[in-house]
Amino acid sequence: MPGAPGQRLPSEERLRRRADYLRCYRTGRRRHGSLAILYFVPNQLEGPRLGITASRKVGKAVVRHRLKRRIKEIYRRWQHRSQLPALDLVVHLKPEAGGSDFPALRTELLRLLSGLRERRGPAA
RNA sequence: GGAGAGCUCCAGGCGGUCGCUUCGCGCGGCCCUCGGGCCGGCGCGGAGAGGAAAGUCCGAGCUCCCACGGGCAGCAGGCUCGCUAACGGCGAGGCGCGGCGACGCGACGGAAAGUGCAACAGAGAAUAGACCGCCGGGCUCCUUCGGGGGUCCGGUAAGGGUGAAACGGUGCGGUAAGAGCGCACCGCUCGGCCGGCGACGGACGAGGCUUGGUAAACCCCCUGCGGAGCAAGACCAAAUAGGGGAGCGGAACGCGGGCCGCCCGUCCCGCCCUUGCGUCCGGUUCGCCGGGCGCGGGGCCGCUUCCGGGUAGGUUGCUCGAGGCCGGCGGCAACGCCGGUCCCAGAGGAAUGACCGCUAGCCGGCGCUUUGGCGCCGGGGACACAGAACUCGGCUUACGGAGCUCUCCGGCG
RNA sequence: UGGGGCGUCGCCAAGUGGUAAGGCACCAGACUUUGGAUCUGGCACUCGGAGGUUCGAAUCCUCCCGCCCCAA
């Protein structure tokens with residue numbers, strides 16, 4: 001894996017305001033998986049932004065934060081990330097995700113993300 | 001070998017790839033009073049969760065608000081002496097309880113200040129109490145003349161029985177039977193004496209014993225406590241709405257106080273203007289007009305410009321501290337003092353992650369060995385509890401492993 | 001960060017120091033040709049857990065566990 005520039009993920013490409021999250025929940029579309037729900041809505045910026053949420057029903061603080069870091073890692077390493085349109089994404093973890101391991105989380109998340117890449121064409 | 005008890009320590013290590021946060025250096029751009037400052041990007045290098053970061057149960061620092069002083073109420077603490085910035089913490093000690101023991105645990109002030117509570121059982125449950133007994137006496141019946149039965153009156157707290165608890169315990173004397181009625185010992189209370197800073201302990205004397213339990217029932221006594229919390233607080237500061245000042249235009253068209261975070265509105269009060277109704281007085285061309293009182297309604301709008309508060313947002317508070325480590329001294333110890341040395345996370349929808357290789361612990365098998373253990377092969381390979389959120393000191397709870405010391409029991413020599 | 005509440009049978013719950021009401025559900029019996037309805041009877045070994053106070057604790061106290069809510 002050569003040092004592809006697309007593997008970086010600075011904080012500007014993260015969702016950082018409550019209002020952004022609420023906009024995603026209220027006006028965005030969503031896709032359901034067994035471990036997580038993916039919300040997404042177009043934004044007015046250069047590229048996509050990612051947000052992750054996990055309620056206390058998912059687990060204790062250690063569990064929730066580990067899941068968030070793993071989601072972030074999977075998204076960062078995703079080879080098709082540069083093909084995404086300018087979207088705000090929110091990955092909402094379900095309580096079932098509490099006991100899942102890294103490979104299960106990756107297949108789940110990649111399945112949810114793959115559809116978004118395809119719908120770039122007709123939108124333009 | 002097996003059961004325990006106490007104390008201390010660790011929370012994997014080494015290397016690599018891709019990322020995140022932060023700090024330093026270099027390169028680049030801009031400003032420049034040539035000291036430097038600012039901006040984002042790239043490169044290199046450094047640092048980057050815990051013993052509990054947890055629960056948020058105590059105590060502090062820090063910040064803002066309030067405050068002249070005192071009291072009541074409320075809440076918290078409660079053996080003693082120390083330690084500490086402080087504490088409900090810690091150390092040492094006393095007393096009590098548990099354990100064969102090493103040791104552990106204790107909300108451990110007051111029940112003669114007052115009020116309350118105690119189901120069921122039981123004669124009686126707090127001014128004690130005669131159910132069965134026991135003893136004495138009267139009356140009466142029976143008699144083998146020793147006595148026995150019934151009944152009434154009185155004595156008795158020794159015995160039985162009830163209960164969680166029955167008004168000091170054991171023994172001897174004493175007595176009609178009994179009773180601290182008397183005595184000895186134990187306990188209790190009181191008194192001074194000795195030891196101890198003290199909690200308390202010890203021996204002595206006196207009292208014959210009075211004051212059952214419950215204060216995690218109300219309560220009393222002593223001590224402490226102003227309120228909020230870093231989303232505290234400070235600074236900068238959009239849009240929209242709103243506030244204040246000035247000017248212009250329109251219109252019949254508000255001012256003060258209650259009001260103490262600021263401003264506005266509502267509400268209430270006073271005054272002023274206007275208007276409707278009722279009523280009274282005066283005038284009258286009989287249509288009304290003026291005044292008083294009572295009840296009710298209303299009392300600004302638009303534009304321009306300036307100013308202040310303030311929301312979103314940003315910056316700060318934000319990590320050098322009752323700080324860590326090493327050594328010496330004082331102290332039984334908690335801890336203190338002195339000297340040296342080090343800088344050790346600062347995020348903000350919230351940084352520590354993902355993956356790979358090697359490696360002890362671990363698991364399985366085989367061989368050697370008196371035990372202890374050692375060697376070889378294979379598997380597996382950091383994995384228990386758990387994630388900083390202003391910072392400390394504790395407590396509590398969760399949890400993996402290692403070491404040292406000690407106790408009891410069993411076996412072998 | 002600060003504050004409040006709840007936990008009692010499978011479900012809903014009363015009881016706030018004296019030995020765990022009641023309803024639904026369930027089980028057994030009666031009635032009925034059978035079922036339903038009705039009637040009778042049964043149904044809590046730790047009252048979220050562990051300690052403590054008391055003679056006695058669901059109730060009082062302490063520490064934990066889980067759930068819910070409020071304010072900023």
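Proteins come first, then strands; the chains are lettered A, B, ... in the order of their sequence lines, and each starts at number 1.
- Under a 3.5 Å cut-off, the side chain of A/R81 and the backbone N or O of A/R76 do form a donor-acceptor pair.
- Residue-to-nucleotide proximity on RNA chain B shows that, of A/F102 and A/L50, the 5′-proximal contact is made by A/L50.
- For the atom pair OG1 of A/T53 and OH of A/Y39, the computed distance is 7.5 Å after rounding to the nearest 0.5 Å.
- The nearest whole Å value for the distance from the CH2 atom in A/W78 to the P atom in B/C355 is 20 Å.
- The base-pairing partner of B/U80, taking Watson-Crick or G-U wobble contacts with both distances under 3.5 Å, is B/A92.
- A syn base is found at B/U319: its glycosidic angle is within 90° of 0.
- Spacing between B/C273 and B/C248 at atom C1', rounded to whole Å, works out to 26 Å.
- Considering OH of A/Y21 and CD1 of A/I52, their distance stands at 7.0 Å, rounded to 0.5 Å.
- Residue A/H65 contributes atom NE2, which lies 14 Å from atom P of B/A354 at whole-angstrom precision.
- The listed nucleotides are B/G19, B/G387, B/G349; the one nearest the side chain of A/A61 is B/G387.
- A/H80 and A/W78 have perpendicular rings, their planes meeting at more than 60° on a 0 to 90° scale where under 30° would count as parallel.
- A glycosidic torsion no more than 90° from 0 defines the syn conformation, and B/G287 adopts it.
- Put simply, CD on A/E73 is 6 Å from C1' on B/G353, counting in whole angstrom units.
- Comparing the P positions of B/G233 and C/C68 gives an interatomic distance of 32 Å, to the nearest angstrom.
- OP1 or OP2 of B/G353 has not a single side-chain nitrogen or oxygen of A/K72 nearer than 4.0 Å.
- Using a 4.0 Å heavy-atom cutoff across all strands shown, A/R64 reaches no nucleic acid atom at all.
- Position along RNA chain B of the nearest nucleotide to A/K60 versus A/R106 favours A/R106 as the more 5'-ward residue.
- Nucleotides B/G109 and B/A184 are separated by 37 Å at their P atoms, to the nearest Å.
- Nucleotide B/C18: paired with B/G353 (Watson-Crick or G-U wobble, both distances less than 3.5 Å).
- One can place OH of A/Y75 at 17 Å from C1' of B/A354, the figure rounded to the nearest angstrom.
- Taking 4.0 angstrom as the limit, A/R76 places none of its side-chain polar atoms (N or O) nearer than this to OP1 or OP2 of B/G19.
- Annotation: B/G410 and B/G324 have their C1' atoms spaced 50 Å apart (nearest Å).
- Look at the C1' atom in both B/G77 and C/C43: the space between them is 49 Å, to the nearest Å.
- B/G43 has its base anti relative to the sugar, with a glycosidic angle deviating from 0 by more than 90°.
- Separating the C1' atom of B/U22 from that of B/A351 is a span of 9 Å, rounded to the nearest Å.
- Pairing each heavy atom of A/A36 with each of A/V91, the nearest pair is CB-CG1, 4.0 Å.
- As judged by a 4.0 angstrom heavy-atom cut-off over every strand, A/Y21 is placed among the base-contacting residues.
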Pair A/E108, A/S34 - check side chain to side chain contact (heavy atoms under 4.5 Å, CB included), show working. CA-CA 8 Å; A/E108 166 85 359; A/S34 56; 3.4 Å; yes
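- Pairing for B/C288 goes to B/G283, judged as Watson-Crick or G-U wobble with the two contacts each under 3.5 Å.
- Note: CZ (A/R77) to C1' (B/C18) measures 5 Å, nearest angstrom.
- Ranking B/A386, B/A354, B/A351 by closeness to the A/V62 side chain, first place goes to B/A386.
- When Watson-Crick and G-U wobble pairs are counted only if both distances are under 3.5 Å, B/C404 pairs with B/G6.
- Rounded to the nearest Å, the gap between the C1' atom of B/G292 and that of B/C264 is 38 Å.
- Going from atom CG of A/L67 over to atom C1' of B/G387 covers 13 Å, rounded to whole Å.
- Residue A/R111 places its CZ atom among more than 12 non-hydrogen atoms of other residues, nucleotides or ligands, all under 6.0 Å distant.
- To the nearest angstrom, C1' of B/C355 lies 12 Å from CD1 of A/I74.
- Listed here is the closest heavy atom pair of A/R30 and A/Y25: NH2-O, 4.1 Å.
- Nucleotides B/G212 and B/A164 place their C1' atoms 13 Å apart, quoted to the nearest Å.
- For B/G317, the O4'-C1' to base torsion is more than 90° from 0; the nucleotide is therefore anti.
- In textbook terms, a nucleotide whose glycosidic angle is within 90° of 0 is syn, and C/U54 is one such case.
- At whole-Å resolution of the value, CZ in A/R70 and C1' in B/A351 are 17 Å apart.
- Both distances falling under 3.5 Å, in either a Watson-Crick or a G-U wobble arrangement, place B/C325 opposite B/G340.
- Pairing for B/G330 goes to B/C335, judged as Watson-Crick or G-U wobble with the two contacts each under 3.5 Å.
- Across all strands shown, B/U304 pairs with B/A246; the Watson-Crick or G-U wobble distances both stay below 3.5 Å.
- Nucleotide B/U115: paired with B/A217 (Watson-Crick or G-U wobble, both distances less than 3.5 Å).
- Across all strands, A/K68 comes closer than 4.0 Å to no nucleic acid atom at all (heavy-atom distances).
- With hydrogens and angles left out, the side chain of A/R69 and the base of B/G387 share a donor-acceptor pair within 3.5 Å.
- In the set B/G19, B/G349, B/G387, B/G349 carries the atom at the smallest distance from any side-chain atom of A/T53.
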